[in-house]
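Working notes for the structure below.
Each chain gets a letter, A, B and so on, in the order the sequences are listed, and its residues count up from 1.
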2 protein chains.
Amino acid sequence: MPIRLKDLAMKTGYSISTISRALLGYKDVSSETRQKIKEAAKKHDYYPYQSARQLRAGKTYVVGFLIPTYGMRFSDPFFIELLTGIGDGAAAENYDVLVGTSPEGGSEIEAYKRIVAGGRVDGVIITRTKKSDKRVEYLLKAHIPFVLLGRTSDKPDVAFIDIDSKSGIRLLTEHLIKIGHRKIGFITSPDGLVFTQYRNEGYREALKNSGINYNPAFIKAGDLTQETGKILGLELLKQQNRPTAIVAANDLTALGIYSAANQLGLKIGSDISICGYDGIALAENAHPSLTTIQVPIYEIGRQLFDMLYKIMNNRPLKQRQILLPPQPVIRNSVGPPQKKEKQG
Amino acid sequence: MPIRLKDLAMKTGYSISTISRALLGYKDVSSETRQKIKEAAKKHDYYPYQSARQLRAGKTYVVGFLIPTYGMRFSDPFFIELLTGIGDGAAAENYDVLVGTSPEGGSEIEAYKRIVAGGRVDGVIITRTKKSDKRVEYLLKAHIPFVLLGRTSDKPDVAFIDIDSKSGIRLLTEHLIKIGHRKIGFITSPDGLVFTQYRNEGYREALKNSGINYNPAFIKAGDLTQETGKILGLELLKQQNRPTAIVAANDLTALGIYSAANQLGLKIGSDISICGYDGIALAENAHPSLTTIQVPIYEIGRQLFDMLYKIMNNRPLKQRQILLPPQPVIRNSVGPPQKKEKQG
DNA sequence: TGTTTAACCGAAAACGTTTTTGTAATATTA
DNA sequence: TAATATTACAAAAACGTTTTCGGTTAAACA
């Protein structure tokens with residue numbers, strides 16, 4: 001049975017209120033008694049009972065984070081890196097992280113309601129923003145602090161961190177063009193997501209700037225999983241006039257294309273060039289190492305919490321909207337196209 | 001501002017207590033009024049305020065899960081699969097999951113104390129059990145329900161799910177021996193972890209049964225990360241008399257060995273055979289596909305929550321200790337040793 | 001010395017829910 | 001009809017904390 005203020009009161013001889021105020025650092029308790037009380041608290045392993053503290057003070061010291069799981073075999077390492085960043089940031093301020101899995105159906109918003117309207121969290125971190133995001137609408141209406149990983153199109157004032165993924169994909173595509181590629185495939189992400197639009201634009205822009213025609217046969221819409229990456233990679237690469245390079249919407253998809261290329265006996269980096277996006281740990285250690293946009297996932301997680309923390313506690317926030325420049329990392333998965341396949 | 005019982009009382013004309021009891025399904029409220037109250041609750045999006053409910057009823061409807069992060073770049077997909085399993089199981093029973101990151105230092109136990117003694121959770125799920133686990137000791141003393149993923153050596157009665165990883169590693173090693181390998185390396189896990197012991201035993205047993213000498217030069221102690229897998233893989237494979245096959249303590253380590261092998265120009269599956277353990281999604285799609293022990297991670301997550309749920313709510317539990325048989329999946333990363341290197 | 005001020009501490013209210021207890025009205029039984 | 005049981009609701013206590021308010025003692029001042 002954990003110890004409570006009442007027990008400390010019994011043991012020290014002070015009143016409950018004095019003990020509470022001593023521990024919270026109020027000034028109207030003598031440093032001498034504060035010392036004694038703190039020692040007693042430490043000695044008896046006192047930790048304030050959260051629900052009581054919450055009920056009285058109206059704060060939970062918990063932030064919510066819902067993992068966007070589509071289907072059950074969900075294992076994007078991106079999210080565990082992000083989550084550890086968020087978790088470490090939270091721990092540094094004595095906050096906790098409430099994690100939920102948002103079911104695939106339309107009941108996603110229901111999961112948010114339970115957490116928010118149930119008063120379980122002081123703030124929320126949202127990822128994989130959608131074009132007009134129901135979650136954002138709800139959180140605005142509920143007046144609860146939140147930050148986004150990724151922009152939204154329709155709400156201009158919300159706090160977010162995002163990578164300029166339009167430039168990111170453009171840079172990768174331009175690099176491919178520069179080293180001689182003309183037939184560049186693209187496996188994109190689901191249509192509803194905001195970053196899908198930016199990444200598509202980056203791809204098209206690079207082609208356009210170099211006067212390369214947009215070929216719909218080279219575009220496939222994926223779902224950010226490795227399995228789908230493989231399937232769509234096979235579709236792209238089995239074509240008669242196949243692309244010599246493929247840009248993928250994320251690293252996991254790119255690794256799926258690795259499988260496809262290997263299955264078809266294509267040497268990655270020469271027969272076929274492949275680019276990813278995210279810079280998960282696996283990208284660096286893949287064989288060959290994967291060219292990608294290096295996203296500082298862990299740091300973004302920490303920073304997301306920091307922003308949220310400041311919003312929740314009405315601290316001044318230097319920047320409400322942070323757009324990070326993309327950091328391309330050219331590795332061995334790309335190389336100039338094979339001679340016999342090269343063509344304008 | 002979310003709606004509360006008081007507001008519903010105002011709107012419906014019933015008392016707070018009647019409304020509470022109607023919503024909770026008590027029988028001393030007429031079905032007619034219950035109907036009206038439920039409609040009003042739904043209409044106004046009522047969700048009970050958790051901290052008040054907790055304070056009164058003494059239950060949080062939250063389970064705790066601390067991710068064992070060693071160092072910052074932590075990205076084992078194993079844990080995101082496990083977490084989604086736990087999360088989905090919890091969601092099905094209207095529970096939430098509080099996730100913390102346990103810092104690397106000795107303050108790990110501190111993170112547990114804050115969560116447990118602070119009354120933030122009704123139960124805890126623990127992974128990567130250690131030989132004499134401080135966390136287990138603490139949780140037993142605190143009388144809070146918990147379940148383990150992995151056994152402990154010293155406490156016989158605790159609830160757990162585990163894979164028989166001794167048999168698992170033994171089966172993999174035996175398979176390697178069966179197809180002709182005699183020089184089999186082993187990259188194991190940190191010494192403190194319980195499963196390290198079992199896996200080591202499995203390896204040694206397989207060697208012993210086949211009369212193969214235990215060669216300390218073929219054994220390296222890793223930390224379950226890909227980076228270390230690569231480093232130790234290089235150490236093993238650069239030796240004069242290198243092993244023809246390597247068994248790794250987990251898939252991530254095995255994928256690290258992939259990097260090492262590729263760097264040295266060794267063809268995986270013929271020049272060098274590699275086995276992993278866990279069966280993460282990436283193992284199947286690696287090139288070549290990774291031979292491993294397929295662990296049903298997601299299902300284990302769900303089952304862990306189910307066990308914990310029953311313990312927390314005093315429901316009968318069929319089995320308090322579940323030891324799952326290992327499921328080897330032989331894929332293309334192993335093959336018979338090259339002729340010129342084969343030797344007894 | 002008498003009065004004001006500061007320092008220190010305790011009493012008690014409040015947060016929103018669940019649950020025990022109480023009570024009026026109605027139904028059942030003798 | 002009178003006594004009793006049942007039904008349907010309301011009142012109020014309780015959970016443990018924070019915080020407002022007030023009071024007592026001692027120090028400072030006139």
Can you list the residues that meet the side-chain hydrogen bond (donor to acceptor under 3.5 Å, both in side chains) rule with T12(B), with sequence neighbours excluded? none
Please identify each residue that fulfils side chain to side chain contact (heavy atoms under 4.5 Å, CB included) with E137(A), with sequence neighbours left out. K155(A)
Could you tabulate the donor-acceptor pairs under 3.5 Å formed by side-chain atoms of residues 303-310 of chain B, not counting sequence neighbours?
unit_1, atom_1, unit_2, atom_2, d
Y309(B), OH, E93(B), OE1, 3.3

Who are the side chain to side chain contact (heavy atoms under 4.5 Å, CB included) partners of T127(A), not counting sequence neighbours? F65(A), P68(A), F79(A), L82(A), L149(A)
Contacts of S20(A) that satisfy side-chain hydrogen bond (donor to acceptor under 3.5 Å, both in side chains) - sequence neighbours left out: none
For Q50(B), all residues meeting side chain to side chain contact (heavy atoms under 4.5 Å, CB included), sequence neighbours excluded: R120(A), R53(B), Q54(B), Y61(B)
Classify the nucleic acid contact of G118(A) as base, sugar-phosphate or nothing, counting any heavy atom under 4.0 Å across all strands shown. nothing
Pairs under 3.5 angstrom, nitrogen or oxygen only, protein versus nucleotides 4-8 of chain D, please.
none

Carboxylate-amine/guanidinium proximity below 4.0 Å for K59(A) and D122(A): no
Students should find that the end-to-end axis angle of the helix from dT1(C)-dA30(D) to dA30(C)-dT1(D), with five pairs defining each axis and rounding to 10 degrees, is 50°
D7(A) and P2(A) have their tightest heavy-atom pair at OD2-O, 4.3 Å
Near DNA chain C, which residues from residues 34-42 of chain A have a heavy atom under 4.0 Å away? none
Base, backbone or nothing for each nucleotide of nucleotides 14-20 of chain C, written B, S, -, heavy atoms under 4.0 angstrom, 5' to 3'? BBBBBBB
Check ring-ring contact (aromatic ring centres under 6.0 Å, His included) between Y46(B) and all other residues, then give those that pass, not counting sequence neighbours. none
Any carboxylate oxygen within less than 4.0 angstrom of a Lys/Arg side-chain nitrogen, looking at D45(B) and K141(A)? no
Whether R128(B) side chain and G150(B) backbone form a donor-acceptor pair below 3.5 Å: no
According to side chain to side chain contact (heavy atoms under 4.5 Å, CB included), who are the partners of Q35(A), at least two apart in sequence or on a separate chain? E39(A)
